[in-house]
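Just so it is clear, the structure is predicted and the values come from calculations on it, not from any experiment. Computed from heavy atoms alone, side chains included, the values below leave out hydrogens, waters and symmetry copies.
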2 protein chains.
Amino acid sequence: MSHSTVSTSSPPATSDTIAHALSLAIHEHKIAPGTKLGEDELAEIYGVSRTVVRAALQTLSHIKLVDIRRNRGASVASPTITEAHEVFEARELLEPRTARSAALHATAADIALLERHISDEHQALADADPGRALYLSGLFHTEIARIAQQATIAGFIETLIARSSLIIALYWRRESALCEKHAHHELVHALAAGQAQQAEELMRSHLVDLHSALDLRERNSRTLSLRDALAR
Amino acid sequence: MSHSTVSTSSPPATSDTIAHALSLAIHEHKIAPGTKLGEDELAEIYGVSRTVVRAALQTLSHIKLVDIRRNRGASVASPTITEAHEVFEARELLEPRTARSAALHATAADIALLERHISDEHQALADADPGRALYLSGLFHTEIARIAQQATIAGFIETLIARSSLIIALYWRRESALCEKHAHHELVHALAAGQAQQAEELMRSHLVDLHSALDLRERNSRTLSLRDALAR
DNA sequence: GGACGCAAAAATGTATACAATCCTGAATTC
DNA sequence: GAATTCAGGATTGTATACATTTTTGCGTCC
């Protein structure tokens, strides 16, 4: 009896359950980019057959959290430097406009929710759980997209944020501390006040800050992909 | 022997093959929105097991070409009016910027390819194959996204164009004839000349034209969803 | 000692069998 | 006659068995 299933006597896991659980673990940096995700292993962990696991992995591969290569199985994706730039450029194109729209649609309940996310994030940092803080930070962005009432664009942003989590795992430079300390707060204020232009600008500069806090020099690429290669 | 497999003695279809074939048929309006896609039926048509068919359907559901509801199977998606607006608003946000970028990256080979797409599209219209013309028209847009060398955004645009095909099937009004007669040509000229600003503007107005050629009044929604309901 | 090759083992791809759910339609009831 | 109930069939969900491919590790050869 090596491993038991993750939770005892819970409703049997569906592929959505598993995809969600894996997604969370990846967001929180509990599973590193490049990690092999064996089907049998996951099937045993969640107490289901490989059929269900494969469906979950396919879902995750579609949002590029997981890389599936034929006959070679699934592993957590490791975005290249080029992809990292692309993801942040896409965010810089989509999110400011979305923040503008959110400023026009935000209700009091929306603002309250965003503020709770921020305080949860601070709590996670206080608990020395940076992975969870990062996840909540991403949730803040997806929440804004939802408030903007553009489900289609919100879906895109969701996948971009998921990939951003991988990018941060690979390329974040420690030196650049929490430059975003107040960015989310200021954004909420602009949204609450309905200041569309202000919200758009704040979001743009916030994303530029994030982008520039990454070490995306070519030199580093080789180092990191080498580490990946050794990691397995 | 009722149905035989689609092509005799071809390499066995993979889920990608099937997803591509179905996607093409939907793009070309050979399968109408709302059509039920039974697993056994498709499995027999393509000469594979349901396992492979299910993977293909899942792929298509990720890009919202197909709607899968638990225990209820898959059918071709029928976007609502709200979704239709969202899709075109997203395109209006993404594609003009992409066209700008394409103008800066386009090579002679790229331009030649685009021009061939246009002439193919005209040929299809001459052959009285409007479905294929529509498909090629969409391909023109995805090709521009590819030229822009932003794979991430190109992926988003690809799904938006796929959904646009469904939207056109549901909401296109015949009265508004080919207003876009020269739009693609002008766009290619701007791209070939490297006129970024011009390309961006042309793409924007082209998309606005398309958007306004749809009948997205609420009244029509009920009519069409009723037809859907009766269609099965 | 290192490179090559091959067989065994492990993992993924696909098909099939079985279980659970939904849909259909005829019989029943009011 | 209309609504309801409840089999029976049809369809989807999941597990398992088998086929194919990749990986691994040992042995051989140079």
Interatomic distance where [atom1] belongs to [X] and [atom2] belongs to [N] [whole Å]:
X     : N      : atom1 : atom2 : answer
A/L37 : C/dA11 : CG    : C1'   : 14 Å
A/K36 : D/dT23 : NZ    : P     : 8 Å
A/N71 : C/dG13 : CG    : P     : 6 Å
B/R50 : C/dT16 : CZ    : P     : 12 Å
A/Q58 : C/dT12 : CD    : P     : 15 Å
B/I68 : D/dG13 : CD1   : C1'   : 12 Å
A/E39 : D/dA15 : CD    : P     : 14 Å

For this session: Could you identify which residues of residues 17-26 of chain B place a heavy atom less than 4.0 Å from some atom of DNA chain C, listed by residue number, or say none?
Result: none
For this session: Ignoring hydrogens and angles, tell me if any N or O in the side chain of B/S15 forms a donor-acceptor pair with the backbone of B/A56 under 3.5 Å.
Result: no
Problem set entry | Partners passing ring-ring contact (aromatic ring centres under 6.0 Å, His included) against A/H62 (at least two apart in sequence or in another chain) | B/H62
Exercise. Between B/H184 and B/H117, is a ring-ring contact (aromatic ring centres under 6.0 Å, His included) present by the stated rule, with each step listed?
Worked result: CA-CA 10 Å; B/H184 284 187; B/H117 275 190; 10.0 Å; no
Exercise. With a non-hydrogen cut-off below 4.0 angstrom, is A/R72 in contact with a base, only sugar-phosphate, or nothing?
Worked result: sugar-phosphate
For this session: Would you kindly check if the NZ (Lys) or CZ (Arg) of A/R132 is within the cone defined by 45 degrees around the ring axis of A/Y135 and under 6.0 Å from the six-membered ring centre?
Result: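 Here A/R132 fails the 6.0 Å and 45° test against A/Y135.
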